[in-house]
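Written out below as structure tokens is the structure these notes cover.
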Amino acid sequence: MTSLRSALPTSHALIAAAIAIGPFGSAAAAPVSLNGAAFEAPAACVSADGALVCKIDNQQFELWVNRKPLAPNVEPSDPMAKKMAYFTEVHEAAVGNIMRTTNNEAATQFSNYGTYSAMGSALPGKGVPTSPAVRFASVLHNEEIWEFMEVVAARSATIEALSKSLQASLKLPAAKPVAAATPTDKTAPAAAKAAPVASTPSDSSVIVPTAPDATFKSQLLTLQYPTFLEPIVVEDTATALSVKFRHTSRAAGPHLTLVVRATVDKLGAGVVAAQRKAAIEAAMVGKSASVPVTKLASINGAGFALLGVPDPAKGLSGVETIETLFVGDVDGRQLEARVTSEQKFSGEAQAVWGLMSKSLQLR
């Protein structure tokens with residue numbers, strides 16, 4: 001696997017000496033930091049040569065973390081569409097490099113790494129060190145691209161369990177709100193005087209401090225939500241739920257809508273998600289940018305995170321907005337979740353989505 005050195009700037013040399021450690025799960029997990037990313041690692045893993053190395057299932061599993069700044073011509077104040085275009089380009093270039101250096105010919109896409117939205121590619125490999133299985137994820141967080149690369153000869157059930165455990169424990173550094181300058185000149189323009197005390201960087205992966213959480217319980221599901229949202233129940237029966245969580249102080253959002261119903265006209269999640277996306281894009285002016293969303297909590301399905309400008313000619317805001325939608329089919333019922341927010345409040349939108357992903361339970 002030394003050929004993987006070129007896949008990431010971080011050196012990727014195999015650990016020369018064997019590591020005498022016990023089986024996965026034999027002791028309590030311990031905190032470990034990889035290039036600023038915090039994990040809880042089981043006893044079967046040690047930090048060595050810049051990676052987390054685990055000897056389990058008669059294999060060596062390696063986790064590498066790399067960080068890349070945005071390009072010099074991509075500013076924090078730039079529209080999210082420009083950032084996403086650059087982010088997508090960097091991810092696709094890295095995947096192409098990894099495929100070449102590991103003799104992989106195909107990749108399956110995924111859309112989260114732990115609780116963080118991601119562009120992800122799973123490469124199956126051929127079960128040998130010269131062509132290993134690679135799980136590669138790129139996360140846009142706090143004006144940086146974080147790359148996570150898992151490498152092992154072959155993915156097994158034990159390896160999958162280890163990977164899920166590590167991902168679930170992942171914590172990236174919190175973003176600090178950027179304080180806006182307070183005007184002191186009494187002749188300053190009124191717009192400047194009305195500027196907020198603090199603003200959030202325009203990055204959809206920024207996690208911002210939120211109000212205390214509350215719990216919503218219905219006949220069909222439970223979840224936690226930040227208390228800057230207020231639930232408005234439209235329908236709550238043994239067979240259907242419709243509830244809107246509106247922001248308590250601003251029309252710009254984020255807002256959350258949840259619907260649970262019998263599968264609509266036998267249309268699957270993929271068809272419904274595609275219909276919703278087409279309708280949202282039709283209401284946008286200019287070109288929108290999107291990435292797929294295929295999982296919410298433990299539910300597999302179809303969806304997207306889309307960034308665009310609602311068309312003011314159609315009576316809409318004309319302000320850059322992020323729409324995140326997921327549709328999943330579970331036991332004859334269909335769950336639809338949608339978060340809408342003006343892009344400048346996308347940090348709060350991600351906080352809503354992340355809390356829902358961690359806590360959502362269908363009954």
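- Between Glu150 and Leu166 there is no side-chain heavy-atom pair separated by less than 4.5 Å.
- When all heavy atoms of Ile299 and Gly328 are compared, the pair lying nearest together is CG2-CA, 4.2 Å.
- The 12-atom threshold is not exceeded at NZ of Lys217, counting heavy atoms of other residues, nucleotides or ligands nearer than 6.0 Å.
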Worked check of side chain to side chain contact (heavy atoms under 4.5 Å, CB included) between Leu241 and Gln219: CA-CA 8 Å; Leu241 169 72; Gln219 297 185 56; over 6 Å; no
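- A donor-acceptor distance shorter than 3.5 angstrom exists from the side chain of Lys126 to the backbone of Asn103, with no hydrogens or angles considered.
- Nearest heavy atom pair, residue Leu52 against residue Leu34, reads CB-CD1, 3.7 Å.
- Residues Val233 and Val352 are members of one and the same hydrophobic cluster, defined by side-chain heavy-atom contacts under 4.5 angstrom among Ile, Leu, Val, Met, Phe, Trp and Tyr.
- Shown here is Lys171, whose NZ atom has no more than 12 heavy atoms of other residues, nucleotides or ligands within 6.0 Å.
- Test Glu348, Glu342, Glu230 against Arg250 for salt bridge (Lys or Arg N to Asp or Glu O under 4.0 Å) and you get one pass: Glu348.
- Annotation: side chain of Asp331 is not in contact with side chain of Leu362 (no heavy-atom distance under 4.5 Å).
- In this structure a side-chain-to-backbone donor-acceptor pair under 3.5 Å is present from Arg67 to Asn35.
- The CE atom of Met284 sits 10.0 Å away from atom NZ of Lys314, with the distance rounded to the nearest 0.5 Å.
- The shortest distance between side-chain heavy atoms of Lys68 and Glu147 falls below 4.5 Å.
- Put simply, the side chain of Tyr86 reaches to within 4.5 Å of the side chain of Ile145, judged on heavy atoms.
- No more than 12 heavy atoms of other residues, nucleotides or ligands sit less than 6.0 Å from atom CG of Asn58.
- Although no hydrogens or angles enter the test, the distance criterion places a donor-acceptor pair under 3.5 Å between the side chain of Gln59 and the main chain of Ala154.
- Taken together through direct or relayed side-chain contacts under 4.5 Å among Ile, Leu, Val, Met, Phe, Trp and Tyr, Val259 and Leu267 form parts of separate hydrophobic clusters.
- The aromatic rings of Phe228 and His247 sit parallel to each other, their planes meeting at less than 30°, with 60° as the upper class boundary.
- With a 4.5 Å cut-off on side-chain heavy atoms, Ser341 and His255 do not count as touching.
- Using the six-membered ring where Trp is involved, Phe148 and Phe39 have ring planes that are perpendicular, over 60° apart on the 30 and 60° scheme.
- Using modelled atom types, no side-chain atom of Ser346 and backbone atom of Ala349 make a donor-acceptor pair closer than 3.5 Å.
- Counting only heavy atoms from C-beta outward, the side chains of Val95 and Met119 never approach each other to under 4.5 Å.
- Listed here is the closest heavy atom pair of Ala337 and Met356: CB-CE, 4.1 Å.
- Summarising the geometry, atom CZ belonging to Phe61 is positioned 5.0 Å from atom CG belonging to Leu162; distances are rounded to the nearest 0.5 Å.
- Expressed to the nearest 0.5 Å, how far CG of Asn300 lies from CZ of Phe110 amounts to 13.5 Å.
- Scanning all heavy atoms of the two residues, the minimum distance from Ser218 to Arg363 falls at O-NE, 3.2 Å.
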Pair Leu63-Val32, side chain to side chain contact (heavy atoms under 4.5 Å, CB included): steps then yes or no: CA-CA 12 Å; Leu63 170 61; Val32 63; over 6 Å; no
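- Using a 3.5 Å distance cut-off with no hydrogens or angles, the side chains of Ser163 and Gln167 do pair a donor with an acceptor.
- Among all heavy-atom pairs drawn from Val152 and Gln60, the shortest one is CG2-O, 3.7 Å.
- Residues Lys244 and Pro231 fail the side-chain proximity criterion, which asks for heavy atoms closer than 4.5 Å.
- In terms of heavy atoms, Ala240 sits closest to Glu235 at CB-OE2, 3.6 Å.
- In this structure, Leu316 CG and Thr321 OG1 are separated by 9.0 Å, a value rounded to the nearest 0.5 Å.
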Ile56 vs Ile159, test: side chain to side chain contact (heavy atoms under 4.5 Å, CB included). Steps then yes/no. CA-CA 8 Å; Ile56 63 169; Ile159 296 295; 3.5 Å; yes
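- Residues Val260 and Ile232 fall into different hydrophobic clusters, defined by Ile, Leu, Val, Met, Phe, Trp and Tyr side chains chained together at heavy-atom separations under 4.5 Å.
- Of the possible polar contacts, none joining the Asp311 side chain to the Ala283 backbone as a donor-acceptor pair under 3.5 Å is found.
- The cluster map of Ile, Leu, Val, Met, Phe, Trp and Tyr, joined by side-chain heavy atoms under 4.5 Å apart, puts Val243 and Leu221 in the same cluster.
- Side chains of Thr237 and Leu220 form no contact here, defined as non-hydrogen atoms less than 4.5 Å apart.
- You'll find the ring centres of Tyr225 and Phe216 outside the 6.0 Å limit.
- With Glu323 as the partner, the salt bridge (Lys or Arg N to Asp or Glu O under 4.0 Å) test is satisfied by one option alone out of Arg276, Arg338, Lys277: Arg338.
- Using cut-offs of 30° and 60° for the angle between ring planes, the His91 and Phe87 rings count as tilted.
- In this structure, CD1 in Ile322 is found 10.5 Å from CH2 in Trp353, a value given to the nearest 0.5 Å.
- Between the CG atom of Leu360 and the CG atom of Leu355 there is a distance of 10.5 Å, given to the nearest 0.5 Å.
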